[in-house]
Each structure stands twice: as C-alpha cells, then as structure tokens.
Enquirer: 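Quick one: this structure, given as structure tokens, is what I'll be asking you about.
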Amino acid sequence: MTSASASTSEQELLQGESYPFRIDGDQIRVPGDGGAYEEELKEIFPEDLRAAIEEHSVGLP
C-alpha cells in the first residue's frame, strides 16, 4: 500500500456518518432526513440537548 492510499483510507475512516439518536428501551429513534429533520429533532430531544446537537451537526440535513 502506498502512502497516498493509506492517507485516503485514513480520511475515509475519519469522515464516517454521524447522526443523533435516542434509545428508549428497545427502540432506537433518529430524526428523519431533509425537511422532517428539525421537527423530529424537537420531538425526540429536550431543548437543552437539541442545542448541543445543532452545534455539532455540521453537514447534516
């Protein structure tokens, strides 16, 4: 493996997808994509957690 391909591989690992989720018992809840994202975020998380999620959600829908 050349250093260029190692670098590309490392970048791919660092750029994995990330999204907020909530576990309620045996149910995992995630906000929907696009226009539904913000409204479902409000339904799933209390206001103080939403502020932290929005602060770290660069690049999400």
Side-chain angles (χ1 to χ4, degrees):
M1 185 177 343
T2 66
S3 68
S5 61
S7 177
T8 300
S9 205
E10 185 177 321
Q11 287 177 350
E12 289 172 356
L13 289 174
L14 295 175
Q15 294 179 0
E17 290 189 32
S18 174
Y19 54 88
F21 64 92
R22 176 178 172 161
I23 299 175
D24 290 319
D26 61 352
Q27 182 181 26
I28 298 175
R29 300 175 64 194
V30 297
D33 291 338
Y37 180 82
E38 192 169 329
E39 190 60 37
E40 290 182 12
L41 193 67
K42 290 177 184 177
E43 293 174 14
I44 297 173
F45 299 102
E47 187 174 346
D48 58 337
L49 289 178
R50 283 195 313 265
I53 291 167
E54 291 168 356
E55 180 180 331
H56 297 286
S57 65
V58 176
L60 292 176

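All residue numbers in this chain count up from 1 along the given sequence.
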Enquirer: Is it the case that more than 12 heavy atoms not belonging to Glu47 sit under 6.0 Å from its CD atom?
Expert: no
Enquirer: Which heavy atom of Pro31 sits nearest a heavy atom of Glu40, and at what distance?
Expert: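 For Pro31 and Glu40, the tightest heavy-atom pair comes out as C-OE1, 3.5 Å.
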Enquirer: Give the minimum heavy-atom separation between Arg22 and Phe45, together with the two atoms involved.
Expert: CB-CE2, 3.9 Å
Enquirer: So, for Arg29 and Glu43, which heavy atoms are closest and what is the spacing to 0.1 Å?
Expert: NH2-O, 4.2 Å
Enquirer: How close do Pro20 and Val30 get, heavy atom to heavy atom, and via which atoms?
Expert: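 Nearest pair, atom of Pro20 first, then Val30: O-CG1, 3.7 Å.
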